Amino acid sequence: MAKTWQLYINGRWGGAQSGQTFPVVNPVTQDVLAQVPDGGPAEARAAVEAAAGAVPGWSRLPGLERGRFLARAHQLMLERGDALARLVTQENGKPFEEARKEVAFAAGYFHWFAEEARRVYGAIVPAPSPHTRLWVLKQPLGVVAAITPWNFPATMVTRKIAPALAAGCPVVLKPASATPLTALALAEILHEAGLPAGVVNVVVGTHASALAEVFVRHPQVRKIAFTGSTEVGKALMAQAAPQLKRVAFELGGNAPFVVCEDADLRAAVEGAATIKFLRVAGQSCICANRLYVQESMAARFIPAFLDRVRAITVGDGFQPGVEVGPLINNATLHKVESLVQDAVAKGAQVGVGGQRLRTGALRNGWFYAPTVLLDVRDEMPVCQEEIFGPVAPVLTFRTDAELIARANATTFGLASYIYTQDYARILRLAEALAYGLVGVNGATGYTHEIPFGGCKESGLGREGGHEGLEEYLESKSIVLHMPPS
Ligand code: NAP
């Protein structure tokens, strides 16, 4: 019998008051995987109130105890890694091996913040007068509303929930309506880990702006932690302004991937293929969006890159050997198609790919061929916008000064990549690139221990590292006056 999925509010499972449900669709087959309750404002309010009720107990629990819950959740996630990965592949489409890695990485946030929960340090500050003493306490903010996207259905959830819980903040989570099952399975894990009722609540629903309206307006919600598009981030910021509600945003990107003439060719080709195509079919915020290859390197890099891209296997993520799955939905597919068509109409050449894949087993899915575009110019929309699909525009550059100016000429500032063997050049470029993350001679490897986040319109705040915990804490200064002895 098919599993019944429910909302998770105040430690209990239930449907939506409206009785409405919505379908979760497999992007490979377009089969309906499950019907899920369509939570609305009533459920969002109930969840916020449950979280508010949990604040006193959870915030006063010693960090050591909070960390133990997170450590149990980490363990349960590892034990259920394959089952969770199956859900991720089913609802998101990414290949199963990639989903397994995502689940292990997502679990790592529980591990990291289980330990960080014990390190909420304040300060004793030397006072300027002998008659006063100064302390700074770090206290949890209170209820956090978290809104997450579909491209990393597990990681985007744990990267918010884990630090909030470690800091002492109960959470209301609204995951993407395309991928709610992974989030609900994570709620099951937190429930089994023994989390007190109300500390985590999960409301899924298709009326995102109505749910967000409740979060933004409710006086008990102290922070909105959002990952998603820059467009929605800006709208949320405007909605949050009248209440001066705190916001943290992880938004879109437009990552430059730089291959200098002295780069290790094989590493650069593999890095570009990995970060462009092998992460959610190019639907990742840190995907390479524009490849800048030094002119004197282009004749070697481009043929090798085209060969690597031709060898990528696209298909159903449960089939062995598949490296790239489908796009999440028709709208994303159309956006990718139109960016490629526009570039070609303006003079770009298709090196490989360049069309939708719809034959045989791929006929029902939203598949797009891994594509490389040559003779591209910076002003083309394919370079200006976040592509969010398996398309790599290749451009060339001559000097580092020119490269820096072109790479930084975007409103985004999330991730960037440099390939060169020259260490002085690495430092000069890394310092000059206006991005929150710079990958050097490798395109993967960002991890729990470091802060992650964007500059400019790519976001506000950081997730991960010790800074990830600070995002959910408030400083309180205590000034003690002492009578003269
Ligand atoms: P999205 O459309 O902004 O949706 C993200 C989340 O916001 C979903 O839960 C969505 O709900 C909800 N949402 C949609 N409209 C809303 C509204 N008006 N008010 C409040 N919430 C709303 O983004 P997406 O297409 O899911 O994700 C792709 C974007 O996320 C890309 O731009 C990508 O770069 C960015 N991203 C950034 C990071 C990072 O760390 N910087 C990580 C991953 C993704 P529904 O699903 O119900 O529509």
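Remember, predicted model here, so these are calculated numbers, not experimental data. In what follows, every heavy atom counts, from backbone to side chain, and hydrogens, waters and symmetry copies are set aside.
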(request) Step by step, work out the salt bridge (charged side-chain N to carboxylate O under 4.0 Å, His left out) result for Arg406 and Glu379. (result) CA-CA 10 Å; Arg406 290 167 65 195; Glu379 66 273 19; over 6 Å; no

(message) I'd like to know whether His207 forms a side chain to side chain contact (heavy atoms under 4.5 Å, CB included) with Asp38, so could you lay out the CA-CA distance, the side-chain angles of the two residues, the decisive distance to 0.1 Å, and finally the verdict.
(response) CA-CA 8 Å; His207 303 285; Asp38 198 354; 3.8 Å; yes

(message) Set out, in order, the CA-CA distance, both residues' side-chain angles and the distance that settles side chain to side chain contact (heavy atoms under 4.5 Å, CB included) for Cys383 and Leu395, then state yes or no.
(response) CA-CA 10 Å; Cys383 292; Leu395 306 101; 4.0 Å; yes

(request) Determine, step by step, whether Leu236 and Ile147 satisfy the side chain to side chain contact (heavy atoms under 4.5 Å, CB included) criterion, reporting the C-alpha distance in whole Å, the side-chain angles of both residues, the deciding distance to 0.1 Å, and the verdict. (result) CA-CA 11 Å; Leu236 277 173; Ile147 303 177; 4.3 Å; yes

(request) Evaluate the side chain to side chain contact (heavy atoms under 4.5 Å, CB included) criterion for residues His74 and Leu70: first the C-alpha distance (whole Å), next the side-chain angles of each, then the deciding distance (0.1 Å), finally the verdict. (result) CA-CA 6 Å; His74 171 245; Leu70 296 182; over 6 Å; no

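The pair Lys160-Glu463 meets the salt-bridge criterion, with a side-chain N (NZ, NE, NH1 or NH2) lying under 4.0 Å from an Asp/Glu carboxylate O. Ion pairing between Glu250 and Arg462 fails under the 4.0 Å rule for side-chain N and carboxylate O. Between Arg300 and Glu261 no salt bridge is recorded (no basic side-chain N to carboxylate O distance below 4.0 Å). Asp82 has no carboxylate O lying under 4.0 Å from a charged side-chain N of Arg86, or vice versa, which leaves the two without a salt bridge. A salt bridge does not link Lys101 with Glu98: every distance from a Lys NZ or Arg NE/NH1/NH2 to an Asp or Glu carboxylate oxygen is 4.0 Å or more.
Remark: side-chain polar atoms of Glu91 are not paired, donor with acceptor, to backbone N or O of Val88 under 3.5 angstrom. Panel note: side chain Lys245, backbone Val221; a donor-acceptor pair is recorded below 3.5 Å. Side chain of Glu102 to backbone of Ala154: a donor-acceptor contact under 3.5 angstrom is found. A donor-acceptor pair is defined here as one N or O able to donate and one able to accept, closer than 3.5 Å; such a pair exists between the side chain of Thr158 and the backbone of Ala106. The backbone N or O of Asn151 sits nowhere less than 3.5 Å from a side-chain atom of Gln283 that would complete a donor-acceptor pair. A donor-acceptor contact shorter than 3.5 Å is absent between the side chain of Thr155 and the backbone of Phe152. Under a 3.5 Å cut-off, the side chain of Thr230 and the backbone N or O of Glu457 do form a donor-acceptor pair. Under the 3.5 Å distance criterion, the side-chain polar atoms of Ser416 are matched with a main-chain donor or acceptor of Leu437. Side chain of Thr371 to main chain of Gly354: a donor-acceptor pair is present (N/O by atom type, distance under 3.5 Å, no hydrogens or angles). Looking at Thr410, its side chain never comes within 3.5 Å of a backbone N or O of Asn408 through a donor-acceptor pair.
The distance between the ring centers of Phe105 and Tyr446 falls below 6.0 angstrom.
Across all their heavy atoms, Pro381 and Asp342 have their closest contact at CD-OD2, 3.1 Å. In terms of heavy atoms, Ala185 sits closest to Leu87 at CB-CD1, 3.6 Å. Between Ala178 and Pro180, the closest heavy-atom pair is C-CD, 3.4 Å. Taking every heavy atom of both residues into account, Phe412 and Gly252 meet most closely at CD2-O, 3.2 Å. In terms of heavy-atom proximity, Gly315 sits nearest to Pro326 at O-CD, 4.4 Å. Shortest non-hydrogen contact noted between Val336 and Phe388 is CG2-O, 3.9 Å.
Here Tyr417 pairs with Phe257 under the ring-ring contact (aromatic ring centres under 6.0 Å, His included) rule; sequence neighbours left out.
Applying the salt bridge (charged side-chain N to carboxylate O under 4.0 Å, His left out) test to pairs two or more places apart or on separate chains, those with a residue in residues 270-292 are Glu270-Arg308.
A ring-ring contact (aromatic ring centres under 6.0 Å, His included) with His448 is found for one member of Trp112, Tyr109, Phe113, Phe110 and no other, namely Tyr109.
With Tyr472 as the aromatic partner, Lys223 meets the cation-pi criteria of under 6.0 angstrom to the ring centre and within 45 degrees of the ring axis.
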